[in-house]
Amino acid sequence: MASPFSILLLGLLFMASGTMGAPPRRPVAVPFSRNYMPTWAFDHIKYYNGGSEIQLHLDKYTGTGFQSKGSYLFGHFSMQMKLVPGDSAGTVTAFYLSSQNSEHDEIDFEFLGNRTGQPYILQTNVFTGGKGDREQRIYLWFDPTKAYHSYSVLWNLYQIVFFIDDIPIRVFKNCKDLGVRFPFNQPMKIYSSLWNADDWATRGGLEKTDWSKAPFVASYKGFHIDGCESSVEAKFCATQGKRWWDQKEFQDLDSYQWRRLRWVRKKFTIYNYCTDRVRYPTMSPECRRDRDV
């Protein structure tokens, strides 16, 4: 029988490791057409392996994109992506969630291309009620053009977490009690696109797209969606509290996840709106709860 001291010690260790928080479930790979459909320039989307992999092509005439067939109010959304290799300056590869009205909510991954030999920049942003201006930018700790990596969003009533290969790179907590709007009543579709943005994407528009390198190609597979599917007009999730991503252990990060997030912030962050006192003399209320400062 364990002694009272050993039981107390185990309890303290358990609390120290974090009583809440868990990694997301492993995404389930499905063909593109299961969850998605093209939205524009259909001929610039190429299909491989029975539709389990696709490529988006950008040339001087057009880019292309796709969107989810359904709209979702909370869930776990994951995509495996391999970004445009070589000289990708001026291009943007985007993976994001967005609602449909003027005061829209949006959750963004935007990969900003660069000249050959220079690293990609990942910009994330969160819009609530039509308000964005919450940009964070990081360098990646790997070459995103050499192999597929998983990019995912966990969104529930308590937090939004951005992951790369299950490493959290950003968290946006529900701070409605602090007067900060949080996406909770506008279903969103999932989108991805490859397009030319050389007026701003690389060094603020100083580096232009070199069309002699076209076509620019981004590759995708996985196409995982595990969300509460809703009509665009729905204001609540009918299965609220019953899905794995809606349980107590996903209301916060655990201690290991917070350590990984601090590692990303310390080693790879190049811009964070929470620390920009020139642009924002008064820090946004959510920044402390998100542990950005």
Do Arg25 and Trp245 form a cation-pi contact, if we require the NZ or CZ to be under 6.0 Å from the six-membered ring centre and within 45 degrees of the ring's axis?
no
Determine whether the side chains of [X] and [Y] contain a donor N or O and an acceptor N or O closer than 3.5 Å.
X	Y	result
Asn114	Glu207	no
Asp292	Asn272	yes
Asn101	Gln186	yes
Asn196	Thr209	yes
His76	Asp226	no

Quick check against the 3.5 Å criterion: does [X] have a side-chain atom that pairs as donor or acceptor with the backbone of [Y]?
X	Y	result
Asp165	Ile167	no
Ser78	Pro27	no
Ser52	Asn49	yes
Arg289	Asn174	yes
His224	Val28	yes
Arg265	Arg291	yes
Glu106	Ser99	no
Thr124	Asp108	no

Would you compute the distance between atom [atom1] of [X] and atom [atom2] of [Y] and round it to the nearest 0.5 angstrom?
X	Y	atom1	atom2	value
Thr275	Gln136	OG1	CD	8.5 Å
Gln240	Asn156	CD	CG	8.5 Å
Lys208	Asp199	NZ	CG	6.5 Å
Leu140	Leu83	CG	CG	7.5 Å
Thr128	Asp105	OG1	CG	6.5 Å
Arg137	Ile121	CZ	CD1	5.5 Å

Within one Ile-Leu-Val-Met-Phe-Trp-Tyr cluster: [X] and [Y], side-chain cutoff 4.5 Å:
X	Y	result
Val217	Leu56	no
Leu97	Met81	yes
Trp40	Leu194	no
Phe95	Met37	no
Val92	Ile164	no

Going through the checks in order, is the side chain to side chain contact (heavy atoms under 4.5 Å, CB included) test met by Phe172 and Val161?
CA-CA 6 Å; Phe172 184 81; Val161 187; over 6 Å; no
Within residues 44-70 or reaching into it, pairs that qualify as salt bridge (Lys or Arg N to Asp or Glu O under 4.0 Å) - sequence neighbours excluded:
none
Should the pair [X]-[Y] be classified as a salt bridge under the 4.0 Å nitrogen-to-oxygen rule?
X	Y	value
Asp290	Arg134	no
Arg115	Asp87	yes
Asp210	Lys213	yes

For residues 240-293, pull every pair meeting disulfide (SG to SG under 2.5 Å), keeping only residues two or more places apart or in separate chains.
Cys274-Cys287
Quick note, disulfide (SG to SG under 2.5 Å) partners involving residues 157-228, not counting sequence neighbours, are Cys228-Cys237
Parallel, tilted or perpendicular: rings of Phe66 and Phe223 (30°, 60°)
perpendicular
Using side-chain heavy atoms (C-beta onward) and a distance below 4.5 Å, is [X] in contact with [Y]?
X	Y	value
Glu103	Lys131	no
Asn125	Phe109	no
Leu112	Arg203	no
Phe182	Lys173	no
Ile160	Val171	no
Tyr158	Phe184	no
Tyr48	Gln55	yes
Arg181	Phe127	no

Closest approach of [X] and [Y], non-hydrogen atoms and distance?
X	Y	result
Thr91	Ala201	O-CB, 4.2 Å
Arg243	Gly227	NH2-O, 3.1 Å
His104	Ser98	CD2-OG, 3.6 Å
Tyr47	Pro38	OH-CG, 3.4 Å

Going by side chain to side chain contact (heavy atoms under 4.5 Å, CB included), name the residues that satisfy it together with Lys189, two or more places apart in sequence or in a different chain.
Gln67, Ser68, Ser71, Gln100, Tyr191
Ring pair (Phe, Tyr, Trp, His ring centres under 6.0 Å) between Phe74 and Trp155, intermediate numbers included
CA-CA 5 Å; Phe74 309 126; Trp155 168 38; 5.0 Å; yes
For Asn185 and Leu73, run side chain to side chain contact (heavy atoms under 4.5 Å, CB included): C-alpha distance rounded to whole Å, both residues' side-chain angles, the deciding distance at 0.1 Å, then the answer.
CA-CA 7 Å; Asn185 64 353; Leu73 195 58; 5.6 Å; no
Going through the checks in order, is the side chain to side chain contact (heavy atoms under 4.5 Å, CB included) test met by Val84 and Thr145?
CA-CA 6 Å; Val84 175; Thr145 73; 6.0 Å; no
Can you name the one residue among Phe111, Tyr96, Phe163, Tyr220 that meets ring-ring contact (aromatic ring centres under 6.0 Å, His included) with Tyr151?
Phe111
Check Tyr120, Trp141, Phe142, Tyr139 against Phe268 for a ring-ring contact (aromatic ring centres under 6.0 Å, His included) and give me the one that passes.
Trp141
Set of residues satisfying salt bridge (charged side-chain N to carboxylate O under 4.0 Å, His left out) with respect to Arg277, sequence neighbours excluded:
none
My understanding is that only residues two or more places apart in sequence, or in another chain, count here; which of them pass side-chain hydrogen bond (donor to acceptor under 3.5 Å, both in side chains) with Tyr271?
Asp276, Arg279
Evaluate Met188 against Ile107 for side chain to side chain contact (heavy atoms under 4.5 Å, CB included), listing each step before the verdict.
CA-CA 9 Å; Met188 296 197 245; Ile107 303 167; 3.7 Å; yes
